[in-house]
There are 2 protein chains.
Amino acid sequence: MAKSSKLAEPAEPLVAGTDAQAPLDSALDDLIGYALRRAQLKLFQNLIGRLAVHDLRPAQFSALAIIDQNPGLMQADLAKALAIEPPQVVPLLNKLESRALAVRVRCKPDKRSYGIFLSKTGETLLKELKYIAAQSDLDSTVALSGAEREELLRLLKKVYQ
Amino acid sequence: MAKSSKLAEPAEPLVAGTDAQAPLDSALDDLIGYALRRAQLKLFQNLIGRLAVHDLRPAQFSALAIIDQNPGLMQADLAKALAIEPPQVVPLLNKLESRALAVRVRCKPDKRSYGIFLSKTGETLLKELKYIAAQSDLDSTVALSGAEREELLRLLKKVYQ
DNA sequence: TATTGTTATACTCTATAACTATA
DNA sequence: TATAGTTATAGAGTATAACAATA
């Protein structure tokens, strides 16, 4: 579906009698789903750019935050929290382990599973990443007042919870 | 990044002294970007399911709506409106043409380009798709009142516009 | 027999370079 | 030479089946 849009001022208006700058998607304008997608894409792109400095993807940042809040969790739990399938957790965790940000530890009574923990390095980096994410959030929503930002967050939670 | 979450009541709480039902992503809870992503995914999945009845993807629905509002536009314009690259427009339009929902017409002074139009079938189907999308929107946001829905839409537009 | 983590695989989405035909 | 559309291709992201080790 559409993700961003708006023509770059065509030489001649696409629709007679219409402002040449008008968005091309006016029929979709009343859909919350469409607005959500476009806003989400904007924030996501901003975050991707900021995390790239640390060679991390948003999913890896989320994983670090979830591990930090739930030290010792299993990969199946992490998969559920990230809403991805267990096989996708493997390369994600491999990357975090190769960079010494997280570790898999065989520490459970059930020897099939691992407990996942952040390393000291991971905890330190996560603190910086949280700051970066918060800055990215503010940067992408400069058009909103503080009150509007809080209201938006409240409404979004109400939708997905 | 995380898309949905919440553990399915683990036998033992992952974090001592914490409600076993508590979400695993509390550190991400204050980020609008995170809430946006989760809400967007919920609405997107709902829409995908509803459009599947007509063997269409959200991007194809958006394309139909944009063509309807801008009859005769070029593929480069459509690519911009959908925020995708021109090569991605080709299979998308091929599909719409093979189903006789849209047509490419060599009608411009510039013989390299096509004008894209909806067929009568496309216009008729689009009307139904718009209804389906509106229903999907409402269905996914039942937790909101009418006023909250309007406020959410207003705030989202403010963010991405 | 069921489950955890893993491998292999495939399908979609996305992005880039290069080609064609026009300009 | 530049542009519209196209082709080919490669990289992510995502999903499923099947396997090994353990329960």
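As the structure is a computational prediction, the values presented were derived from the model and not from experiment. Each chain gets a letter, A, B and so on, in the order the sequences are listed, and its residues count up from 1. Note: hydrogens, waters and symmetry copies are ignored here, and every other heavy atom, side chains too, is used.
When the P atom of dA10(D) is taken as reference, atom CD of Glu85(B) falls 18 Å away, rounded to whole Å. Atoms CD1 (Ile48(B)) and C1' (dC13(C)) sit 11 Å apart, rounded to a whole Å. Atom P of nucleotide dA12(D) and atom CG of Leu41(A) are separated by 18 Å, given to the nearest angstrom. Whole-Å rounding puts the Leu96(B) CG to dG5(D) P distance at 15 Å. One atom, CD of Gln40(A), and another, P of dG13(D), lie 13 Å apart when rounded to the nearest Å. Following rounding to the nearest Å, Arg106(B) (CZ) and dT20(C) (C1') show an atom-to-atom distance of 11 Å. Atom C1' of nucleotide dG5(C) and atom CG of Leu73(A) are separated by 14 Å, given to the nearest angstrom. In this structure, CZ of Arg57(A) is placed 15 Å from P of dG11(D), rounded to the nearest angstrom.
Heavy-atom contacts from other residues, nucleotides or ligands closer than 6.0 Å to CD of Gln135(A) number more than 12.
Listed candidates were dA4(D), dT14(C), dT4(C). Nearest to the side chain of Met74(B) is dA4(D).
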Polar atom pairs (N or O), protein with nucleotides 21-23 of chain D, under 3.5 Å:
| unit_1 | atom_1 | unit_2 | atom_2 | d |
| --- | --- | --- | --- | --- |
| dT22(D) | O2 | Arg112(A) | NH1 | 3.4 |
| dA23(D) | OP1 | Pro109(A) | O | 3.2 |
| dA23(D) | OP1 | Lys111(A) | N | 2.7 |

Expected rows: protein N/O vs nucleotides 6-10 of chain C N/O, under 3.5 Å:
| unit_1 | atom_1 | unit_2 | atom_2 | d |
| --- | --- | --- | --- | --- |
| dT6(C) | OP1 | Arg104(A) | NH1 | 3.2 |
| dT6(C) | OP2 | Gln75(A) | OE1 | 3.1 |
| dT6(C) | OP2 | Gln75(A) | NE2 | 2.6 |
| dT6(C) | OP2 | Arg104(A) | NH1 | 3.0 |

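Ser119(A) places a side-chain N or O within 3.5 Å of a backbone atom of Ala100(A) that can act as its donor or acceptor partner. The backbone N or O of Tyr114(B) sits nowhere less than 3.5 Å from a side-chain atom of Lys108(B) that would complete a donor-acceptor pair.
The existence of a salt bridge linking Asp139(A) and Arg50(A) is confirmed by a sub-4.0 Å separation between a basic side-chain nitrogen and an acidic carboxylate oxygen. A salt bridge is defined here as a Lys NZ or Arg NE, NH1 or NH2 lying under 4.0 Å from an Asp or Glu carboxylate O, and Asp68(A) with Lys130(A) meets this definition.
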Start with the C-alpha gap between Arg99(A) and Asp55(A), add the side-chain angles, then the distance that decides, and say whether side chain to side chain contact (heavy atoms under 4.5 Å, CB included) holds.
CA-CA 10 Å; Arg99(A) 293 187 50 188; Asp55(A) 189 27; 3.8 Å; yes
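Lys158(A) pairs by the side-chain contact (heavy atoms from CB on, under 4.5 Å) definition with Arg154(A), Ala143(B), Leu144(B), Glu148(B), not counting sequence neighbours.
Gln161(B) and Arg38(A) share no side-chain donor-acceptor pair at under 3.5 Å.
For the side chain to side chain contact (heavy atoms under 4.5 Å, CB included) test with Ile66(B), the passing option among Asp77(B), Leu73(B), Ile116(B) is Leu73(B); the others fail.
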